[in-house]
Structure formats: C-alpha cells, structure tokens
Participant: 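Pasting in a structure now, in structure tokens, and then I'll have a few things to ask.
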There are 2 protein chains.
Amino acid sequence: MLVARPKTEPVTSAHERVYRTLRARIMYGELDPGQALTLRGIAADFDVSMTPAREAVRRLVAEGALSLSSSGRVSTLELTPERIEELAALRSLIEVELASRALPRAHFALIDRLQAINNTISDTVIRKDASGYIRSNLEFHRTLYLRAQAPAMLAMTETVWLQLGPTMRALYGRLKRTGPPQYHRLILSALRAGDEPSLRLAVRSDVTQGLRLLTN
Amino acid sequence: MLVARPKTEPVTSAHERVYRTLRARIMYGELDPGQALTLRGIAADFDVSMTPAREAVRRLVAEGALSLSSSGRVSTLELTPERIEELAALRSLIEVELASRALPRAHFALIDRLQAINNTISDTVIRKDASGYIRSNLEFHRTLYLRAQAPAMLAMTETVWLQLGPTMRALYGRLKRTGPPQYHRLILSALRAGDEPSLRLAVRSDVTQGLRLLTN
DNA sequence: CGCGCGCCCTTGTGATCACATAGCGCCCAT
DNA sequence: ATGGGCGCTATGTGATCACAAGGGCGCGCG
C-alpha cells in the first residue's frame, strides 16, 4: 500500500535520483576505470524500471562520465595519458579563470570555509579515505568557484571532474599524502592577499600537480 | 512491407538520428530561443516512438542545448547577457588553446581548406543565409581545431556552440555583413606566418567580436 | 590438453500503455 | 467587458514487453 509523500519533500524523479547517485559515485572515484554497468543492474540497484536507468545513463554518457561501446554497453572511462593531459589542461584553463573571477568577491567568511574544508581533507588523509579525499578536495574548489558567479564555467569544470573521477582514485594510491595539497595553502594566502597573479599560479599548480603522477 | 537495409549502411539507432538532427538544428540557429518542443511532437516528426525522442532530448539537455522547465517541458535556451558573456569567455579560453595547439600541425593543405571555407562563408553572406553562415563559420573553426588532436577540448567547445546556437541567429540579424569575418583573415595570415601570439589574439578577437552585439 | 566453433542467455533498443499533473481555454458571474 | 475558477487535454514519467544482436561459456574435435 502506498503512503502519501509528505508534501514538503521535493518530488525528485526516479531518474534524477539514479543520475545524482551514479554521478557522485563516478566523480568521487567509487567506481574503477573501465568498470562495466548494465541497465538492468542499475535498475535493480535502485529498485526502478529500466526506463529511469536508461535516462540517467544517457545523461552521464552525454557528460562524458560514461562511455558507450559500439554495441551499446556502458562502462566508466579508461583514460589514455593524452586524454589525461588534455583534461588537466582544461581544468587549468577554466579553473584559473574561475578563481580569478571569484577573487574580488572572496570575503573572510569564504576563506574560513575553505580553511575548514582543508581541515576535512586532512581527516580523510589520516583515515586513508580515498573517496572522501577526492570529495572534499573538489568541495574546496567548488566552494571557491561558486563565488565567481559563473554557472556555465562551473558546470563545464564539473564535467571535467566527472571524466577524471574513476582515474583520480588510481592517482590517490600513488600519492603519499601527509596533509592537504600543498598548493591549497598558496591558494588561501593569495586569496587573503588579494594577489591575482599568485592565485592563478597556485590554482594552475594545484590542478596540474596530480597529473604528473598519472602520465608516467 | 519492410525493405532490407543495404548492408553497407551503418546501422544508426533511431535516437542517434533524432539526436544528430536536432543538435544540428540547434547549433546552426534553426530554432528560435525559447522555442518549446514536445516529446510526442519530436517523435511524430521523426516517425519514431517517444522512447528515442526522450533519449535524444535528455542527451541535448545534458549538453546544455535544451532546458527543462520544472515540470519537465523542454525548450531551447534563452540566454541572459551574463550567460552570453560567460559562454563567450569559455569559447575564448578553449578556442585560443585549440588554435595554439593546431598551429604547429597546420600545413598548406589545411590553410587552403580554411580559405575555401571562408569563400563558402562569403556565399552565405550574399545569399543572406543565416543558418548557412553559422554552419560554415563553425566549420571554419572546427576544421582548424581538429588539427589540435584534442578531442575533449573540441567536444567542450562544441557544447558551448550548441548553447549559443539559437541566440546566434539573433546576432546575425543585427550584423551588417559584407563578407567573411574580418578576423578570419588575421587567423589565416597568423597560421601562414606561424605566429602564435598573433594567432591567439586573432582567435580571441574573432570569438569575442559578436558578443558585443548581443550584450547591449 | 588446447583451441575453435556454436549456441544460449544476457543486454540494449524501441514501442506501447497507464497514470499523474500542469497548463490552457472556456464559461460564468460580477 | 473582465477576472477568476473549473475542467479538459496535452504532456512528461515510469513500467513492461517484444525483439535482435553480441558476448561468453562450454562442448567437442584435433
């Protein structure tokens, strides 16, 4: 017997729920590169029919988060070194611009929030929580970029993150982390100083650093 | 009675056909900004069921080519001036990089092809063919960027074109064109000279010029 | 014991249907 | 004449089914 939905709860469609959950899993590296998925499997996991599963998958394929074999099988991306370099270059281009646009609007409260997120990152390092590390690291960047008031650029950056997601965890394994990324400190001090050139350099460095581990 | 498909023809799924056609119509400005579409209408137009129509629309929504109202109605984008500025900035960032990467690989044959496309653009100006103008203008850029061997960047650029599509025709109306964009000449001479700084400037100017007409 | 072939079953595609809802127009009352 | 309310219909969502094709596994042959 169906129970009435509490009227305050925003009705979120089934495919939206499937989409959001899969998207987060991919972006935060909870799926391995090249991992195969099936529509019926996804549908069963979320206890919905194939239709919403198909829509969610289509959407993720369109965003480059999943790839479609010629016969229609879906799997997460396996990136070539060239593709990784390209995506890192895109991150660099767009994120430097976003940071630059956020700078004039970055007040103390924002910098405090970023500081707090940086501490969360430390926790994930101590707990060796790869997925949590990726999530809070991206949260650091997203919090800053949100201030740029540039939704299209932010969306584009997030689709790049999405494409890098499964591969990023592989990176985490090779990384001997002892704390938050070193360049986050530089980003914070450049923000405090209102120093745009330093900020651009710090963001570019932060975005590009991980790349080296992946391409060799 | 069904006729056997010629075996050489690549079997392209129904939703792919719908997707490609709609995508081209949007990118080349054949649909007005804010134009409403219905799944059943699209399905009828292409003589398919609602399923492929839904998938094609979902895909285009994911790429930002179409927007979904809260109740799920789909329509093309109506861009605010701020959004247009943002998209132009994205074009500038990515296309300058693509041009820069294409430069070392740009041989005579490529420059000849670009020249030929430029002539096609002249034809569309004479014929006052707005959609053809947009199509061949983008073809000019795509042909150059293809040489950059950077598929992810090119794909990202194309989704920006897609978002600007319906609005670009509005631009065309305000433009008193007498020939190909002036900056195309600069792009070509920079390519011939192998002059990267000039090329970057020319591409940025070409991409940004139209913007001014749209934001005031 | 290894390799290749064929068959079955898994999997994606497209059509159709039932249902809920939002938007729109029409009608009536003031 | 105009504004508001009501009801119909157009429209999106999700489920289910039929079908075709591709991949993987096992069997049989060398």
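Within every chain, numbering begins at 1; the chains are lettered A, B, ... in the order of the sequence lines, protein sequences first and strands thereafter. Hydrogens, waters and symmetry mates play no part in the numbers below; they use all other heavy atoms, side chains included.
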Participant: Grab the CG-P distance between A:D47 and D:dT16 for me, whole Å please.
Facilitator: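 Distance, rounded to whole Å: 11 Å.
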Participant: Taking atom types as they are modelled, would you say the side chain of B:R73 forms a donor-acceptor pair with the base of C:dG23 within the 3.5 Å cutoff?
Facilitator: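 Donor-acceptor pair under 3.5 Å: no.
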Participant: Could you give the OH-to-C1' distance, from B:Y19 to C:dT13, as a whole number of Å?
Facilitator: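 To the nearest whole Å, that distance equals 18 Å.
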Participant: Side chains of A:Y145 and A:E97 only: does a donor on one sit below 3.5 Å from an acceptor on the other?
Facilitator: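 No - no donor-acceptor pair under 3.5 Å links their side chains.
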Participant: Begin from the C-alpha positions of A:R59 and A:E16 and carry the test salt bridge (charged side-chain N to carboxylate O under 4.0 Å, His left out) through to its verdict.
Facilitator: CA-CA 10 Å; A:R59 200 166 156 188; A:E16 185 81 17; 3.2 Å; yes
Participant: Is A:H15 close enough to D:dT13 that one of its side-chain N or O atoms is under 4.0 Å from OP1 or OP2 there?
Facilitator: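 Checking D:dT13 against A:H15, no side-chain N or O comes under 4.0 Å of OP1 or OP2.
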Participant: Will you find, in the side chains of B:S100 and B:R200, an N or O donor that is under 3.5 Å from an N or O acceptor?
Facilitator: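 Checked: B:S100/B:R200 side chains pair up, N/O donor to acceptor below 3.5 Å.
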Participant: Quick check on D:dG14: is either OP1 or OP2 less than 4.0 Å from any side-chain nitrogen or oxygen of A:T51?
Facilitator: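 Indeed not, no polar side-chain atom of A:T51 lies that close.
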Participant: Side chains of B:H141 and B:E158, heavy atoms from C-beta outward: is any pair under 4.5 Å?
Facilitator: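 The answer is no; the side chains never approach within 4.5 Å.
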Participant: For DNA chain D, whose closest nucleotide is more 5', that of A:S49 or that of A:S70?
Facilitator: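 Final value for this comparison: A:S49.
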Participant: Taking atom types as modelled, is there a side-chain donor on A:E30 or A:S131 under 3.5 Å from an acceptor on the other?
Facilitator: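 Their side chains do contain a donor-acceptor pair, which is all the 3.5 Å distance test asks for.
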Participant: Using a 4.0 Å cut-off on heavy atoms, which residues in residues 52-62 of chain A reach DNA chain C? List them by number, or say none.
Facilitator: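 Heavy-atom contacts with DNA chain C come from A:R54, A:R58.
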Participant: Go through it in stages, so that I can follow the logic: the residues are A:R135 and A:D129, the test is salt bridge (charged side-chain N to carboxylate O under 4.0 Å, His left out), and I'd like the CA-CA distance, side-chain angles, deciding distance and then a yes or no.
Facilitator: CA-CA 10 Å; A:R135 179 178 4 251; A:D129 174 6; 5.6 Å; no
Participant: Give B:L37 one of three labels, base, sugar-phosphate or nothing, depending on what nucleic acid heavy atoms sit under 4.0 Å from its own.
Facilitator: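 Sugar-phosphate contact only.
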Participant: Report yes if a side-chain nitrogen or oxygen of B:S71 is closer than 4.0 Å to either non-bridging phosphate oxygen (OP1 or OP2) of C:dG23; otherwise report no.
Facilitator: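 So the side chain of B:S71 is within the cut-off, an N or O lying under 4.0 Å from OP1 or OP2 of C:dG23.
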Participant: Reckon A:T38 touches a base, only the sugar-phosphate, or nothing at all at heavy-atom distances under 4.0 Å?
Facilitator: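 Contact class for A:T38: sugar-phosphate only.
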Participant: From CE of A:M50 over to C1' of C:dA15, roughly how many Å is that when rounded to an integer?
Facilitator: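 One finds 13 Å between C1' of C:dA15 and CE of A:M50, rounded.
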Participant: Please give, in whole Å, the distance from C:dG23 P to B:R40 CZ?
Facilitator: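 B:R40 atom CZ is separated from C:dG23 atom P by 16 Å.
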